[in-house]
Structure formats: C-alpha cells, structure tokens
Amino acid sequence: MEKTYNPHAIEQQWYQHWEANGYFTPSGEGTPYSIVIPPPNVTGSLHMGHALQDSIMDALIRLKRMQQHDTLWQVGTDHAGIATQMLVERKVQAEEGLTRHDLGRDKFLDRVWEWKEESGGNITRQLRRLGASVDWDRERFTMDDGFYKGVQEVFIRLYDDGLIYRGKRLVNWDPKLHTAISDLEVISEDEAGHLWHMRYPLAEGEKTADGKDYLVVATTRPETMLGDAAVAVHPEDERYQHLIGKFIDMPIVDRRIPIIADDYVDPEFGTGCVKITPAHDFNDYAMGQRHSLTMINIFDKNAAILVEPEVYNTDGKPVEVHAECIPQAYQGMDRYVARDAIVNDLTSAGLLEKIEDHALKAPRGDRSGLVIEPLLTDQWFVSTKPLAEPAIAAVEDGRIEFVPKQWENTYFSWMRDIQDWCISRQLWWGHRIPAWYDDEGNFYVGRSEEDVREKHKLGDINLRQDDDVLDTWFSSGLWTFGTMGWPDMTEALKKYHPTDVLVTGFDIIFFWVARMIMMTMHIMKHEDGSAQVPFKTIYVTGLIRDENGDKMSKSKGNVLDPLDLIDGISIDDLVTKRTGNMMQPQLAKKIEKQTRKHFPDGMAAYGTDALRFTLCSLASTGRDIKFDLGRIEGNRNFCNKIWNAASYVLMNCEDQDCGQKGGEVELTLADKWIVSRLQQAEKKVLTAMDSYRFDHAAEALYSFIWNEYCAWYLELSKPVLWDDNASEAQLRGTRRTLVRVLEASLRLAHPLMPYITEEIWQKIKPLVGKDGDSIMLEPYPEFEADKVDAQAEADLDWVRGVIEGVRNIRGEMGISPAKPIPLLFSKGQAADQAILDANSQFLIKLAKLESVTWLEAGDEAPLSATALVGEMEVLVPMAGLIDKDAELARLQKELAKLDGEMKRLNGKLGNAKFVDNAPEAVVVKERAKLAEAEAAANTLRQQVAKIESI
RNA sequence: AGGACUAUAGCUCAGUUGGUUAGAGCGCAUCCUUGACAUGGAUGAGGUCGGCAGUUCGAAUCUGCCUAGUCCUACCA
C-alpha cells in the first residue's frame with residue numbers, strides 16, 4: 001500500500017467497476033427497498049445540499065443493499081422550466097444577439113435541447129463522483145417522452161375528475177418573464193416605500209362629517225387609481241357611515257365610483273378609506289367579488305399602462321362596451337413612470353394631501369427579482385382542497401411519517417390553509433398543456449388533437465393547442481410513479497411503489513413534498529382501491545450554510561462546490577469561480593476579500609469519503625448546518641488513520657496464517673475485548689442508521705475505529721506479534737482478530753465511506769477467506785450477543801487504567817516516554833494479580849516498563865508517585881526520576897477533585913429526602929461512588945504524608 | 001400579527017424516557033521523529049449548559065416568563 005492515503009488514486013476506478021458490473025441495478029431478490037432522488041435541475045450543478053442528501057440516500061441504499069434487500073435508487077433530473085428557459089435566453093442573447101421571439105418557439109426549444117445535451121452530463125458526472133449508487137439504467141428526465149405521457153395523463157384525469165379548471169383569475173404576474181408564477185415563487189421582503197394620501201372628491205355635493213367635500217384615501221400604489229372601482233370604509237366607522245352608498249368623482253379618470261362598506265377595512269389604518277382596485281390587488285379582488293364590482297385592468301404584460309383598459313364582470317367575462325378610459329398622457333407608461341406622473345398631476349390639482357414614509361413588503365418574483373404584478377389572466381388551476389384532505393389524513397394516521405417529527409406541523413399548517421394552485425406558465429420550455437381551442441374560444445382536453453376531435457366529434461374545425469406549459473412542480477409531483485413507467489402498470493411500480501423514504505430539505509416541503517403526496521394519492525391506488533402514498537417516511541435534512549451561518553448563494557459568493565472539497569482548489573481559482581459570471585459585478589471585490597480571508601490557502605483535496613462522512617456527521621436534527629472546514633479536515637485524517645491501520649494489518653498479516661483455513665487459535669484478552677467492542681459498535685451504528693441519526697452513526701464509527709481499534713487494539717497486538725516466544729495459536733489468533741475486526745469495520749463503514757472501504761477490503765479479503773467481488777455486495781455486519789464479553793471489557797479497562805496511570809505520571813512529571821521505568825503494584829487483590837499475570841506483556845510494552853513488581857501485604861514500597869486502579873496502587877518509584885514537590889502538587893490536584901466530588905455526594909446522601917425518594921439503585925450507586933472516592937482520597941493523603949515526611 | 005426553531009468548552013456540535021465528575025472533533029498548552037500513521041502519539045487546561053422563577057429528593061433535560069438570534073406563514077390599503 002501507498003504510505004499515505006490519497007483519495008484521488010482510489011476513488012474513480014471503483015465507481016467504474018461497480019457501475020460496469022451492474023451492482024447498482026436492483027438485485028431482484030429480497031424485500032424491495034426504494035428511494036427516488038429529488039430530481040436536480042438538469043442544466044444545473046450539485047450544491048452542498050445535494051451532496052448532503054445524496055450522501056444520506058446512498059448510505060441508506062448501500063446499507064439496505066448489504067442487508068440483502070432488493071434496492072432501487074431511482075435517479076433523474078428535472079427540466080426546471082423558468083430557470084432553464086431564462087438561462088438559454090441569456091445565452092442566445094449573448095452569443096447571437098437574438099431573443100427567443102426572434103428565433104421562434106420551435107427553434108428556441110431546439111436550443112434548449114442542445115444546451116441540455118451539452119450541460120446535462122454535469123449533474124450525472126457529479127453524482128458519480130459522489131459515489132451515488134443509483135440505477136443509471138432507469139435514469140429519467142421529466143421531459144422524456146415517456147414521462148410526458150404520464151404528465152399528460154395526470155392532467156387529463158384531474159381535469160376529468162373536476163379538479164382542474166380554467167379561469168380568468170388574478171395571478172402573480174412576472175412582468176419580466178411574462179408568466180404567471182405560484183404564490184410560493186413570490187418572495188415578500190421589507191422595503192421602504194411611501195404612503196400617498198390622495199383626495200377623492202365626493203360626488204353630488206356630499207360632505208364628510210368635518211365638512212370636507214372629499215375623502216382621503218391612502219395608497220402605496222397611486223398609479224392603480226386608473227383601475228379603481230370603489231372606495232371602501234368600515235361599515236361601523238361613524239365618520240363615514242352617511243357616505244356609504246354615495247359616490248366619488250374620480251380625479252384624472254372621468255369616472256364615478258361607489259363608496260362601499262366592508263369590514264375588511266381597518267378603520268385605524270390611514271384615514272380608514274381604501275381605494276379598491278379589483279384587477280390589481282388580491283384583497284381588492286376578493287372585495288370586488290363580494291360587492292360585484294367591475295374589474296378594470298390597466299396594465300399590459302410588461303406592467304405598462306394600457307391604451308384601453310380591459311373591463312370585466314365579476315365572472316371574468318369582458319364588458320365589451322364601457323365608459324372607462326385612460327387619459328392619453330399615461331398610455332404606454334411603465335408603472336413607475338405612471339406613478340410619478342399621477343402623483344405630479346394630483347399635486348398640481350391640489351389633490352395630494354401628504355406623502356408618508358411607509359415600510360411595506362414588496363412581493364418580488366424569486367427568479368426575476370421584479371415586483372410582481374397581480375394581473376387578470378386566463379390560467380389553469382388545480383383545486384387543491386379535495387386533494388389536500390386525504391394528504392393530510394395520510395400524515396395524521398402515520399401512513400407517512402416525517403423525521404424529525406416536528407415538520408409535520410409545518411406540513412399541516414400549510415395544507416389546512418391551502419390555496420388553489422395556478423399550474424399554467426407562459427413559457428415555452430415545459431410540458432405543453434393538453435388542451436385545444438376552437439375559434440369560438442371553447443376548449444377541449446385530451447391526449448392529442450386527434451383524440452380531442454374524436455372525443456368531441458369536432459370534425460375538421462380549426463383547433464389550436466394551448467400555448468402554455470405546466471408548472472415544473474406539476475410534473476415533479478408525479479416523480480415517484482412517473483419514473484417507474486406509469487401510466488403503464490409496470491413491474492417496477494408493483495415492486496417499488498410506494499417508495500420507502502424521501503430525503504429532502506425543508507425548503508421544498510410545500511413546493512414539492514406536499515404536492516407529490518396530493519397527486520400520488522389521487523392517482524395511484526392499491527389493489528383494494530385505497531390510495532398509495534408516494535413514500536412512507538420523509539427524512540427532512542437541515543440546510544447547509546456557510547461558516548457565518550448564511551445561506552449559500554451565488555450572489556453572496558459563498559457557495560462551496562462539493563467537487564472542490566473532493567478535488568481541492570487553489571485560492572485563485574476559488575476566487576475566480578466565485579466572482580465570475582455574476583449578476584451584480586460590483587460585489588466582486590467584497591466577495592474576493594471574504595474568500596481570501598476564509599480560505600487563505602484555498603482548499604485541500606479531502607476526497608469523497610471524507611466529504612460524505614463529514615456531511616453525515618453533520619446531519620443531526622437541527623435546521624441549520626454550518627459547514628466548517630475543520631470537520632472535513634478531521635475526517636480526512638480519519639480516512640488516513642484507517643488507511644494506515646490497514647497498512648499495519650497487511651504488513652503483519654499478508655502471506656501469513658490468519659486462521660482463514662482453520663487451525664488452533666488462542667485469543668488474548670485484547671482479542672476478546674476488541675471483538676466485544678465491535679459488537680457494541682455494530683449495534684450503535686445500525687440503531688443510528690435505522691433512526692436516521694447519521695451523526696450518531698458517524699460518531700460511533702469514528703470512535704470505535706480510531707479510539708478503540710487503532711489506539712488500543714493495534715498497540716496491544718504488537719506485544720504478541722513481536723514476541724519471538726509467542727505460540728502459533730497465539731499469533732494466528734491475533735492475526736485473525738486483526739483482519740476480521742478490520743474487515744467487519746470496513747463493511748460497517750462502507751455506506752458512509754464507500755471508496756476507501758472498498759479499496760482496503762479488496763486487499764484484505766483473502767486474509768479473512770472471502771472472495772466476493774465487492775464489499776458493496778457483502779452482508780452488513782450484525783450484532784452478535786454471544787461475542788459480547790463483559791469480563792474481557794472489564795479486564796481490559798483494568799489494563800488501560802494501569803497504562804493511563806503510568807502515562808499520566810510520565811506526562812505530569814516530565815519523564816521521557818523513551819525511558820523505561822520500574823512499576824510496583826500495591827494493595828491489590830487476587831483478581832488484580834491474576835489480570836496482571838496474564839497481561840504483563842501489554843503493560844510492559846504500552847507503558848514502557850523496565851520491570852513489574854507485585855507487592856504483597858506488608859511489603860515495604862519505596863517512595864513513589866501513585867496512580868490508582870480501583871483500590872490498587874500503581875507505583876512509580878521516585879528515586880532519580882521524580883521531584884518531590886511536583887508529585888505533591890500532582891497529588892493535591894487529584895485530591896482537590898476528589899474533595900469536590902465527596903462534598904457533592906455527602907450532601908446528596910445526607911439529604912434524607914433523597915435517600916427516601918430516589919430509586920434504590922440510584923442511592924446504591926451514589927453510595928458506591930462516595931466509598932470509592934473516600935478510599936482513593938485516603939490513599940492519596942497517605943501518599944502525601946509519606947512524601948512530606950522526608 | 002401568529003407560529004416554529006435555536007441558545008451547552010475559544011469554534012462547530014452531541015447529550016435518548018430528569019439521577020454522567022456534562023462529552024466529541026477542531027483549536028490551545030507542554031512533551032515526543034519508539035519499527036501503521038506528524039493527515040501522528042502522550043499528557044493537560046478549558047463549561048455556574050442564554051437569564052430569572054417554578055415543579056422535584058434531584059433539572060442541560062420538565063413548566064412559565066424574559067433576552068438574543070434564525071426561519072416560516074399571513075398581512076393594513
């Protein structure tokens with residue numbers, strides 16, 4: 001073996017070997033276990049969150065595969081409608097100076113497909129580097145023909161079931177992307193704005209209570225006055241009660257609008273008068289519905305002022321002949337230009353009472369960053385309420401379980417207040433809506449134009465398909481069954497659906513998880529007709545944040561690329577990567593400074609195993625995961641530790657008799673001990689994995705392999721292996737234990753660190769008599785109760801106690817570790833002597849002893865530094881080695897600790913209430929502790945006295 | 001406004017049903033190139049578990065209030 005661990009040299013070849021041999025394909029034998037990967041964006045790249053989730057999924061899949069389940073990890077990517085379309089638009093614009101409209105729909109889509117071919121391999125390459133054992137044969141893309149068939153079918157079924165409808169509704173309109181977006185894609189953030197107080201003249205000489213001939217309405221959007229349909233006041237607001245049912249003569253637009261009463265109005269806010277613009281505000285829309293107000297749309301698709309307003313009744317039918325008009329001066333103005341113009345005109349007309357600063361939440365599209373415009377448009381919607389009910393029930397009754405449990409609350413609170421879902425998008429890239437229109441504006445839903453004609457007996461009338469596409473989340477909603485071949489009832493569906501677990505971040509519980517549950521339960525049924533859930537467990541991971549706890553984002557320039565952690569990156573390359581191709585280039589300097597500060601030397605190549613192990617070790621129940629380079633460095637060192645331990649084992653066992661062909665073996669205390677400890681480790685790791693505590697699993701592996709196997713067992717094996725007088729049976733026993741425990745540890749660790757375990761396993765497998773082709777197909781280690789040896793564990797604790805006692809004296813007294821020292825045992829029992837006799841070779845080697853002397857009662861001990869193992873004293877003679885004052889100081893320090901403890905225990909045991917109320921076992925335990933501490937303190941005090949007396 | 005979550009060593013985090021001398025990794029201090037490993041080894045220092053009350057024989061753990069921070073949901077024009 002190479003002297004140091006070099007991940008780069010071992011990783012990729014193993015992945016190729018596994019993939020080429022079809023080990024990722026479901027075995028077809030055993031209980032099915034399946035996971036679908038949350039599909040990443042095909043044209044994107046994996047971020048740390050993906051790396052975390054994929055590491056966890058792979059750990060689960062590898063574990064279950066080793067446990068001989070029939071495991072399927074379904075892989076695939078999604079087409080990410082808006083994101084991809086924007087990206088390709090920018091690219092075409094930059095490279096050819098053309099817009100998508102210049103190209104036309106078909107040509108533009110060709111460009112998207114070209115881009116997909118070009119960049120789509122990125123994700124799959126990264127997944128391979130991470131070691132993800134996904135079934136590549138079943139890879140799916142949401143825009144595949146087969147998948148499209150499923151999407152279309154779901155749309156048609158939902159439509160036929162009355163759960164999809166089309167209508168003119170107010171939607172979140174993105175004026176830059178020219179598409180509707182869902183509520184979830186709108187981000188509201190605090191922004192500084194103004195509140196304009198505008199005077200609206202009362203019609204027919206009406207006066208307010210205080211004698212004014214106008215009402216004052218406050219608004220954050222003065223420009224929408226062009227679409228005002230009413231002014232509303234609270235029905236019980238005394239100031240305005242006499243005006244309810246009267247009218248306003250609108251300034252600027254020559255229009256008379258009613259004053260209405262609605263208890264939505266808060267009399268305390270502003271003046272208590274609200275202008276109502278049903279076509280441009282969600283609350284106003286609702287009020288418009290209640291009061292049958294006409295809806296006056298004044299904006300075009302760019303959110304610029306129309307030449308002619310579009311006027312609709314409450315049912316969304318256009319009012320063909322109407323009096324509403326927009327003054328020429330404003331026609332075609334952008335909404336913000338129009339705002340200034342209107343404010344100016346109102347000011348000159350003396351109708352602007354005042355302008356106040358006002359903090360507001362501006363709703364912005366999460367892709368474009370522009371303030372979204374509520375706009376009346378024809379869209380397709382899913383009625384979510386009927387779908388939500390069974391989806392809520394499935395979580396309530398435990399058919400679906402969230403881990404950690406608390407996420408169920410998040411799910412419930414959203415599901416119980418769910419809004420209808422606008423699923424149409426005015427994009428080109430996506431699944432085209434399977435609906436056709438005739439020239440009259442009637443529409444027909446079906447599988448194809450032919451299908452529609454036939455179904456509705458339309459003859460050869462003109463039909464054109466809906467231009468719009470479906471929200472990407474609509475198609476990813478059927479990911480679990482769509483990837484398995486639905487609508488065909490495939491073998492895969494029968495076997496692997498419902499899937500076992502979904503691993504995802506909490507940020508997409510609403511976007512994706514909830515919708516997947518709703519759609520799957522509606523479409524997929526068991527043989528008895530009951531709904532199939534998409535997955536039985538939802539494991540919700542935390543979100544990976546940077547070293548300051550900030551979310552990683554390109555614009556902040558704090559993203560880490562998992563591959564850079566694997567391969568390493570120089571600081572200059574990292575800076576270039578973080579500051580290149582930025583949306584806001586002015587931030588580049590700041591980002592460069594931060595980056596150089598945090599990563600002065602760039603990043604080392606830690607390797608996939610260290611990255612995966614680290615991610616798993618960070619996966620506790622919290623919501624946020626701060627990523628700290630120190631952790632991955634420590635775990636890279638852990639890999640190196642395993643590597644070197646294996647190197648030691650090979651040096652001592654290769655071409656030697658390790659008992660793989662039988663033969664007599666004699667096991668030392670150390671051998672029995674490590675086998676026993678291995679059982680405990682196996683139990684801990686498996687328990688942790690079964691409860692999705694990958695941090696605990698990682699911890700258990702780390703401490704067993706490093707702190708027990710490497711730190712103690714390997715050292716304890718040396719006195720045996722290097723003993724010229726050791727018997728063949730002893731040598732065979734120790735070698736066999738060395739390789740067997742290492743081999744089992746590798747299997748235990750394999751789900752978390754696939755590469756290094758495979759590499760080493762291949763080298764040592766003959767030493768344990770195995771000839772399997774890959775560790776990933778070997779059985780997962782199981783706890784075996786009969787290999788637990790409590791006596792061995794206790795005895796080895798004794799051995800460790802002696803060694804640590806001596807080391808403590810050496811360390812504290814400044815005795816060179818190279819200097820052999822004599823050791824005496826005093827006040828020991830027969831049991832102590834028995835352990836000593838059987839194990840003195842361990843002590844001599846590990847504590848570097850010159851001699852070992854057992855003192856019988858009455859034997860005179862020389863003046864010594866003392867360590868205690870139980871009641872037995874372990875003595876290092878001071879003569880020529882130890883300074884009197886130093887030893888006194890050391891003993892006083894020990895005594896101070898013991899005093900503290902005795903005080904605490906005495907207080908506790910002196911309290912009658914404790915003794916009366918606490919369980920007997922607790923009291924007994926505390927008494928024993930006190931007795932032990934007292935005995936130890938006594939011994940040490942005698943030592944102090946003895947030393948002082950000189 | 002409502003709700004959730006977090007607060008433990010200098011840093012990043014564990015701590016299961018209340019009974020541990022409160023742990024780990026990194027960092028720090030002292031020492032060590034002994035034949036797996038300096039990406040290492042030995043020893044050690046370091047925490048009144050955010051604050052205040054309460055329940056209890058006993059609280060990092062349960063309850064209430066407070067403080068600080070994060071997030072989600074809904075928003076008053």
Side-chain angles (χ1 to χ4, degrees), chain A residues 1 3-5 188 195 217-221 224 232 264-266 268-277 281-284 358 360-361 406-407 409-410 413-414 417 506-507 509-510 543 545 547 549 551 604 606 610 617-618 620-631 633-652 687 691 693 695-696 699 702-703 707 710-711 714-715 718 722 804 807-818 845 848 893 897-898 900-901 904-905 908 911-919 921-923 925-926 929 933:
Chain A
M1 282 174 82
K3 190 168 165 61
T4 41
Y5 164 64
S188 289
L195 205 51
V217 297
T219 180
T220 54
R221 302 203 55 197
T224 61
Y264 159 77
V265 179
D266 175 5
E268 305 295 316
F269 188 90
T271 58
C273 300
V274 194
K275 61 191 266 320
I276 302 300
T277 317
D281 182 281
F282 289 97
N283 291 312
D284 292 6
H358 181 69
L360 55 94
K361 297 262 189 190
Q406 67 202 55
W407 291 109
N409 292 330
T410 309
S413 68
W414 190 70
D417 186 32
F506 60 83
D507 51 335
I509 287 180
F510 307 143
L543 247 44
R545 298 170 178 279
E547 59 284 347
K551 202 168 168 173
Y606 298 110
S617 73
L618 294 171
S620 58
T621 55
R623 260 186 20 173
D624 300 319
I625 299 171
K626 279 198 216 180
F627 194 83
D628 176 22
L629 272 194
R631 296 289 294 261
E633 189 180 340
N635 289 326
R636 190 267 322 260
N637 295 353
F638 178 47
C639 291
N640 186 55
K641 192 73 185 175
I642 297 174
W643 186 262
N644 281 294
S647 165
Y648 168 82
V649 171
L650 280 171
M651 277 170 61
N652 286 286
T687 306
S691 51
R693 287 304 301 264
D695 57 332
H696 287 173
E699 214 284 324
Y702 187 99
S703 72
N707 300 334
C710 292
L714 293 193
E715 294 306 318
K718 289 173 185 175
W722 298 350
E804 281 167 347
R807 283 176 178 174
N808 173 274
I809 292 170
R810 271 186 197 275
E812 297 276 285
M813 296 299 113
I815 302 170
S816 159
K845 171 71 183 152
K848 188 97 179 167
K893 197 171 79 179
K897 264 193 207 168
L898 288 169
E901 200 190 343
R904 190 181 60 83
L905 289 165
K908 217 170 179 179
N911 181 350
K913 286 180 178 169
F914 170 71
V915 179
D916 293 345
N917 291 310
V922 173
V923 178
K925 202 170 143 195
E926 297 297 295
K929 277 192 225 163

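The shown structure was predicted, so the numbers you read here are calculated from the model rather than taken from an experiment. These numbers come from the heavy atoms of this one structure, side chains and all, not from hydrogens, waters or symmetry mates.
For A/K848, the salt bridge (charged side-chain N to carboxylate O under 4.0 Å, His left out) criterion is met by no residue, not counting sequence neighbours. Remark: A/Y648 engages no residue in a ring pair (Phe, Tyr, Trp, His ring centres under 6.0 Å) (not counting sequence neighbours). Every residue was checked against the ring pair (Phe, Tyr, Trp, His ring centres under 6.0 Å) condition with A/Y606, not counting sequence neighbours, and none meets it. Under the ring pair (Phe, Tyr, Trp, His ring centres under 6.0 Å) criterion, A/F506 pairs with A/W407, not counting sequence neighbours.
Only the C1' atoms considered, B/G46 is 11 Å distant from B/G27, to the nearest whole Å. For the C1' atoms, the distance from B/G51 to B/A59 is 16 Å, rounded to whole Å. Spacing between B/A60 and B/G19 at atom C1', rounded to whole Å, works out to 13 Å. Taking the C1' atoms as reference points, B/A74 lies 14 Å from B/A4, given to the whole Å. With C1' as the reference atom, B/U21 and B/C49 are 15 Å apart, rounded to whole Å. Remark: the separation of the P atoms in B/G44 and B/U39 is 24 Å, to the nearest Å. Separating the C1' atom of B/U20 from that of B/U73 is a span of 41 Å, rounded to the nearest Å. Look at the C1' atom in both B/C66 and B/U16: the space between them is 29 Å, to the nearest Å.
A/T277 approaches A/T224 most closely through the heavy-atom pair CG2-O, 3.5 Å.
At whole-Å resolution of the value, CG in A/N707 and P in B/G25 are 6 Å apart. When the P atom of B/A59 is taken as reference, atom NZ of A/K913 falls 13 Å away, rounded to whole Å. Taking atom CH2 of A/W407 as the reference point, atom C1' of B/C5 lies 8 Å away to the nearest angstrom. Protein atom CG of A/D417 is 15 Å distant from nucleotide atom P of B/G3, rounded to whole Å. Rounded to a whole Å, the CZ atom of A/F506 is 12 Å from the C1' atom of B/U6. Between the C1' atom of B/C72 and the NZ atom of A/K551 lies a distance of 11 Å, rounded to the nearest Å. Distance A/I809 CD1 to B/G44 P: 11 Å, rounded to the nearest Å. B/A24 atom C1' lies 9 Å from atom OH of A/Y702, rounded to whole Å.
Listed for the A/N808 side chain is no donor-acceptor partner under 3.5 Å among the backbone atoms of A/E804. Between the side chain of A/S691 and the main chain of A/T687, a donor-acceptor pair closer than 3.5 Å is present. A donor-acceptor contact shorter than 3.5 Å is absent between the side chain of A/R693 and the backbone of A/S620. Judged purely by atom type and a 3.5 angstrom limit, A/N917 uses its side chain to pair as donor or acceptor with the backbone of A/K913.
In this structure, B/A29 forms a base pair with B/U43, meeting either the Watson-Crick or the G-U wobble geometry with both donor-acceptor distances under 3.5 Å. Under the Watson-Crick or G-U wobble criterion, with both distances below 3.5 Å, B/G58 is left unpaired in every strand shown. Base pairing analysis places B/G69 opposite B/C5; the two distances defining the Watson-Crick or G-U wobble pair are each below 3.5 Å. Across all strands shown, B/U63 pairs with B/A53; the Watson-Crick or G-U wobble distances both stay below 3.5 Å. In this structure B/A24 sits in a base pair with B/U12, meeting the Watson-Crick or G-U test at under 3.5 Å. B/U17 makes up no base pair with any nucleotide shown, lacking Watson-Crick or G-U wobble contacts both under 3.5 Å.
Here the CG-CG distance, from A/D624 to A/L618, works out to 12.0 Å after rounding to the nearest 0.5 Å.
Among the nucleotides B/C57, B/A77, B/U70, the one closest to any side-chain atom of A/R623 is B/U70.
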Could you write nucleotides 10-22 of chain B as a row of B, S and -, 5' to 3', where a protein heavy atom under 4.0 Å of any base atom gives B, of only sugar-phosphate atoms gives S, and otherwise -? --BSSS---BSB-
With the sugar-phosphate defined as primed atoms, P, OP1 and OP2, and the base as all remaining atoms, what B/S/- string results for nucleotides 29-43 of chain B, 5' to 3', for protein heavy atoms under 4.0 Å? ------BBB-BSSSS
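Note on ring orientation: taking the six-membered ring where Trp is involved, the planes of A/Y702 and A/F638 are tilted (angle from 30° to 60°).
Using a 4.0 Å heavy-atom distance criterion, A/T220 is classed as a sugar-phosphate-only contact.
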